[in-house]
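Quantities reported herein were computed from a predicted structural model and do not represent experimental measurements.
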Amino acid sequence: EADVQRLADQFISADGTSGTFVDQIKKGVCLQFFTHYANLYSEGTYRGLDVLTIAIGRLNKFYGDRIEWMTGLDICKRFAEIPEAAPKTL
C-alpha cells in the first residue's frame, strides 16, 4: 500500500500541491495521460490501476472544478471545432 501511495504522489501529492500532474495544471497546460493495460495490470497485482485510481481521486478533489474529463474521440471532436485547426485546402 505504501508503494502505491508513493507512486501516486509522483503524479499528485496527497495534499494536491505537487507532482507532475500538478506542475502541468499550474502551467495551464492541457493535461493528457495515456496508459497501457500491462501498466495497469502490473503482473496481476493491479498496482498500476490502484495508482491511477488514487491520482484521479486526488485530481478530482483538488482540481475538479478545473477539469473536463474527455475521451480521445472527444478531444479530436473539440479540436475539429477550432477553425484554425481545420485542414487547409490547396
Side-chain angles (χ1 to χ4, degrees):
E1 178 64 30
D3 284 344
V4 171
Q5 295 292 329
R6 183 181 51 76
L7 291 168
D9 286 345
Q10 293 177 6
F11 299 109
I12 179 170
S13 60
D15 64 1
T17 61
S18 63
T20 55
F21 290 169
V22 175
D23 294 343
Q24 296 303 306
I25 290 170
K26 287 179 179 177
K27 291 178 187 174
V29 175
C30 179
L31 178 63
Q32 297 180 46
F33 52 93
F34 303 89
T35 189
H36 296 279
Y37 177 76
N39 293 355
L40 298 177
Y41 183 67
S42 304
E43 297 180 6
T45 67
Y46 291 96
R47 276 198 176 143
L49 183 59
D50 293 340
V51 169
L52 183 61
T53 300
I54 291 167
I56 288 172
R58 292 175 180 177
L59 283 171
N60 282 326
K61 178 178 179 180
F62 296 106
Y63 298 97
D65 60 332
R66 298 172 57 184
I67 294 174
E68 180 178 359
W69 293 102
M70 301 172 75
T71 66
L73 179 59
D74 292 335
I75 294 168
C76 290
K77 286 179 179 178
R78 176 77 55 88
F79 187 71
E81 294 171 359
I82 302 170
E84 298 83 34
K88 307 289 187 255
T89 56
L90 299 176

To check you understand the geometry: which heavy-atom pair defines the closest contact between Ala55 and Phe21, and what is its length?
CB-CE1, 4.2 Å

Just to verify, what does Glu81 make a side chain to side chain contact (heavy atoms under 4.5 Å, CB included) with, not counting sequence neighbours?
Arg78

Acceptor/donor pairs from residues 30-41 side chains to any protein atom, 3.5 angstrom cut, sequence neighbours excluded:
none

At their closest point, which heavy atom of Tyr63 faces which heavy atom of Gly16, and how far apart are they?
OH-O, 2.8 Å

Main-chain N/O of Gly48 paired with Ser42 side-chain donor or acceptor, under 3.5 Å:
yes

Asp23 versus Thr20, side-chain donor and acceptor atoms under 3.5 Å:
no

Pairs under 3.5 angstrom only: tabulate donor-acceptor contacts from the side chains of residues 5-12 to other protein residues two or more places apart or in another chain.
unit_1: Gln5; atom_1: OE1; unit_2: Arg58; atom_2: NH2; d: 2.8
unit_1: Gln5; atom_1: NE2; unit_2: Glu1; atom_2: OE2; d: 2.9
unit_1: Asp9; atom_1: OD1; unit_2: Arg58; atom_2: NH1; d: 2.7
unit_1: Asp9; atom_1: OD1; unit_2: Arg58; atom_2: NH2; d: 3.4

Under 4.5 Å between side-chain heavy atoms, hopping through other hydrophobics if needed: is there a path connecting Trp69 to Leu52?
yes

Show, in sequence, the C-alpha distance, side-chain angles and deciding distance for Asp74 and Thr71, and conclude whether the side chain to side chain donor-acceptor pair (under 3.5 Å) test is met.
CA-CA 5 Å; Asp74 292 335; Thr71 66; 3.2 Å; yes

From Thr17 atom OG1 to Lys26 atom NZ, the distance as rounded to the nearest 0.5 Å:
6.0 Å

Could you state the interatomic distance from CD1 (Ile56) to CD1 (Ile67), rounded to the nearest 0.5 Å?
9.0 Å

